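Below is one structure, written out as structure tokens; comments come after it.
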Amino acid sequence: MAKSMWAGRFSKEVDSKVNAFNSSISFDGRMYKHDIMGSIAHATMLGKCGIISREDSEALVRELQKLCEDIENGVVELDMSAEDIHMFIESVLTERLGEVGKRLHTARSRNDQVALDIRLYLRDEVFQISSLVERLIKTLCDIAELHANTIMPGYTHLQRAQPITFGHHLMAYAQMFLRDRDRLDDVVKRLNENPLGSGALAGTTYPTDRDMVTDLLRCSRTMVNSLDGVSDRDFCIELANAISIIMMHLSRFSEEIILWCSWEFKFIELDDAYATGSSIMPQKKNPDIAELVRGKCARVIGDNMTLLAMMKGLPLAYNKDMQEDKEAIFDAVDNVKLCLSTFIPMLETMTIYKDNMRNAAAKGFINATDCADYLVKKGMAFRDAYKITGGLVALCIEKNTDLEHLPLEDYKSRSELFDKDVYQAISLDTCVNTRNSKGGPSPESVKAQIEYTREKVNTYEAHTVMAHYITEE
Ligand code: ARG
């Protein structure tokens, strides 16, 4: 094992178990590119400000770029006994450049370095999550378009309530995911700030130009206070929260998919490539993906809680507890990407059983509100119409029939306002087609929702290009 960077102050090497306990390279190693990017910007700034010589600055930038490629191509392997990715990169650089390598850490601390690295790393991740959410929304629009006319029962309390269309149901999810997409943009506003130059906590005496680093890294602004710069992990919590909400939405959707796949519903069937069998029951086809997504929602909520709990008692500024931020936020990021990228093709390939949806909508007196509305349109007060319709439903149950097949005499026995046009008024098609209010389930309304949603998704395109920053000027 290499000698510690901070060996001067100590009379012994650290115990090997302590080193393993302390080390974060096994999980922060994934930030190597972003660490190098930050270092390139820092070295560039040091040279421009005359804090190190131009030649040294250029040599550092060149070697950092080379090292990045070497790690990428497997020429350099991360040393798992290193304390963290920051120490590892600096030590390789120093092996290669000697004296010059040792100049990189001028006017910088690992405290501001790690804060920057996580931000740069997560910025790229957020862009990936955002484009997956966009893909999901587009998929929902495409399926909804095909099913703007597909009648299904809408539920409250999981009891059949009023008829809607499958397109309408899907577009509800599309709105949820649009909000998620907006939330990610909002997270980026604060995540994309530059803490570098905060030093260990109290800035630096060198004549640095923090704003230059901010520009080089395409950050939106330089963090205002150096203590805050190294202490803040709000951006991790905000992102974990935004991801938790995405997962919660995916989880509710999964729950419905699981229900819809059951023989009790049979509204949909998942493609064989997106379902699994049982080791003992030959007839089974299980919606494992949807169940796993529902399950993974729990761990992501856990990640969110880990971050909040980790921060709640910490005095300013950096504390080692904060090293625990990475596993939690990386787990949330990894899992939401995994879930989204599996969920989308599962939706794209599922079979939709329109007839079963329609048959389910035809049962359960789902048109009772429309029957009452029929009387209201003929002049009766809604509360009276409601009562009469309730009586008609009870009569149907007694006669083992439904409102569509109840004889006109029975209707008339409860109110003279009923006429044979009642059958037209309470037909499922009428019930759905006339629910034309803005946001409603009628095919017209659903088409308008799809159009709005597609337009909104297209406005996002521009944001995703930001993921690139320079490695040289
Ligand atoms: N590995 C550390 C972390 O992830 C880097 C910062 C260490 N700073 C320190 N003063 N020990 O938080």
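Keep in mind it's a predicted model, so treat the numbers as computed, not measured. Read the numbers this way: they start at 1 and go in the same order the structure lists the ligands and their atoms. Atoms considered below: every heavy atom in the structure, side chains included; atoms not considered: hydrogens, waters and symmetry mates.
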task = Within a distance under 4.0 Å of any heavy atom of Asp84, pick out the atoms of ligand 1 and give their elements.
result = 1 (N), 2 (C), 5 (C)
key: Salt bridge present between Lys48 and Asp209 (N-O < 4.0 angstrom)   = no
request  = State whether Tyr460 and Arg181 meet the cation-pi test: NZ (Lys) or CZ (Arg) under 6.0 Å from the six-membered ring centroid, and within 45° of the perpendicular axis.
outcome  = yes
query = For His86, is at least one N or O under 3.5 Å away from an N or O on ligand 1?
reply = no
ask   = Nearest protein heavy-atom contact for atom 11 (N) of ligand 1: which residue, which atom, what distance?
value = Arg110 NH2, 3.6 Å
note = For Ser24, the ligand 1 atoms with a heavy-atom partner under 4.0 Å come out as 1 (N)
ask   = What residue and atom, counting heavy atoms only, is the protein's closest point to atom 4 (O) of ligand 1, and at what distance?
value = Lys326 NZ, 2.7 Å
query = Between Lys320 and ligand 1, is there a nitrogen or oxygen pair with a distance under 3.5 Å?
reply = no
query = So does Lys312 have more than 12 non-hydrogen atoms from other groups sitting under 6.0 Å from NZ?
reply = no
key: Option nearest atom 8 (N) of ligand 1 (shortest heavy-atom distance, choices Asn111, Asp321, Asp325, Leu201)   = Asn111
ask   = Does ligand 1 have a heavy atom under 4.0 Å from the side chain of Gln113, from its backbone, from both, or from neither?
value = neither
inquiry  = Measuring from atom SG of Cys68 to atom NZ of Lys33, what distance do you get when rounded to the nearest 0.5 angstrom?
reply    = 6.5 Å
ask   = Quick check: does any side chain N or O of Ser442 sit under 3.5 Å from a backbone N or O of Val432, one acting as donor and the other as acceptor?
value = no
task = Consider ligand 1: state whether an atom of it lies below 4.0 angstrom from any non-hydrogen atom of Glu83.
result = no
request  = Examine distances only and state if a side-chain atom of Asp79 and a backbone atom of Ser81 form a donor-acceptor pair shorter than 3.5 Å.
outcome  = yes
request  = Distance to 0.1 Å, residue and atom name: give those for the protein heavy atom nearest to atom 6 (C) of ligand 1.
outcome  = Tyr318 OH, 3.5 Å
query = Mind checking whether Tyr173 and Phe253 have ring centres under 6.0 Å apart?
reply = yes
message = Counting non-hydrogen protein atoms only, what is the nearest one to atom 1 (N) of ligand 1? Give residue, atom name and distance.
response = Gln323 OE1, 2.7 Å
request  = Verify whether one side chain among Arg190 and Ser220 offers a donor that lies under 3.5 Å from an acceptor in the other.
outcome  = no
